[in-house]
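Here's the structure, in structure tokens; my notes come after.
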Amino acid sequence: MCIFLVQFLFGIGLFFTVNLIGKHSYSLGYMEMSLFVRKEEAPAFNVLIRVFIPIVYLIITSSILYYLNFDRFVQDFYWVNIHYIVFRLIFNLVTNRGALLNWKRQVFYWTSTSLLSYLVYEKLIKVRTNLLPDFTSIANEIWFIILIFLYQIANNLTFSQEATVQRKETYLKRRYIYFKSTYDNLITELTKNHILESIVYAVLIYEDFNRPKIVRIIENISFRICGKSKTLGVMQVRTEKLLSDLESVELGTQKIVAAYNSYISNITNENPGYEWEAKNNIINDYNVGSRYCNEVNELADLIKNQFYDDSLDELVPKNE
């Protein structure tokens, strides 16, 4: 039981390690899970980070355990990566991200990682004296050069985005339908404008994606304990009291409507309003940051085009 617990904790540690490395590897082409369609510019790197980093992690952590003379925890150490795979799968399902996953690719990642983990354990990690590299043969260097060459070729491959587009659209549609069925009367009554409504749903879906239900539950528990002002609820509204998701949506929508009304009231003949400017002002008032503004703006456009395409509403009234 003790061995299982230690290896399970190492698996969770791997989960956060992979996420941390990926978070700081965007410039190298790492593709994070997103609501938006992005071109995969470095497919080989993404395979590398998802399949081989767990293997490297396995070797490093087992070496540390051997060094500390905790040899018994290295028994069947490939289970660390299996725990990691199961934990990542559960996390994605609990946070409603299953529809965004490319399941064929994930099965490839998980199968490859599991098989490599077992082979590395049996051929290398199982015997502690095997962990040091052998540099006595020039073949090691030759194979290393060949692998770098193949990696560079694979990194220049491109793949069709059709399946990715379909997954994103399916996820967006499901979340929109869910939130509309739950909060439609409230949002419609407060916004009274389809374009403004699309912005509210964009913020709602975006915030829910980044703060899924399980995370919000933890935030609520933390708030009960600490009692400090923070953002809570599905729309992440700053508050000094505990909020339900319904209260969060009401306050968040009111904040968006207030920002919209403020913008409209400042429109004059000398300073005409523009829809793109209005949207940016509304979103920036809700949460600052260029990435936040750009992605919520893009999401609002997707929602408008998919669900309000026939609407005649305008965000900024035209001068007569």
Using modelled atom types and a 3.5 Å cut-off, is there a donor and acceptor pairing between side-chain atoms of [X] and backbone atoms of [Y]?
X	Y	result
S198	I303	no
T188	N185	no
D285	N281	no
T191	I187	yes

[X] bridged to [Y] by N-O distance under 4.0 Å:
X	Y	result
E219	K230	no
D301	K279	yes
K213	D208	no
R216	D245	yes

Are [X] and [Y] close enough that a side-chain donor and a side-chain acceptor fall under 3.5 Å?
X	Y	value
E207	Y292	yes
Y78	E122	no
R174	Y178	no

Report, as yes or no, whether the 6.0 Å neighbourhood of atom [atom1] on [X] holds more than 12 heavy atoms from other residues, nucleotides or ligands.
X	atom1	result
Y308	OH	yes
K173	NZ	no
W79	CH2	no

Are the aromatic ring centres of Y176 and Y201 under 6.0 angstrom apart?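 Yes - the distance between ring centres of Y176 and Y201 falls below the 6.0 Å cut-off.
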So that I know where these two stand, are H83 and F4 an aromatic pair - ring centroids less than 6.0 Å apart?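 Yes: the rings meet the under 6.0 Å criterion.
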Do I85 and T113 pass the side-chain contact (heavy atoms from CB on, under 4.5 Å) test, and can you show the C-alpha distance, the side-chain angles, and the key distance before you say yes or no? CA-CA 9 Å; I85 291 169; T113 299; 4.2 Å; yes
Report the distance from atom NZ of K304 to atom OG of S311, rounding to the nearest 0.5 Å.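 Going from the NZ atom of K304 to the OG atom of S311 covers 7.5 Å.
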Atom CD1 of I282 and atom CG of N261: how far apart are they, to the nearest 0.5 Å?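 Between I282 CD1 and N261 CG, I get 9.0 Å after rounding to 0.5 Å.
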Report the residue from V94, N92, L93 that forms a side-chain contact (heavy atoms from CB on, under 4.5 Å) with I90.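 Testing I90 for a side-chain contact (heavy atoms from CB on, under 4.5 Å) against V94, N92, L93 leaves exactly one candidate, V94.
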Decide side-chain contact (heavy atoms from CB on, under 4.5 Å) for N81 and I55; before the verdict, give the C-alpha distance in whole Å, the side-chain angles of both, and the deciding distance to 0.1 Å. CA-CA 8 Å; N81 285 350; I55 305 303; 4.0 Å; yes
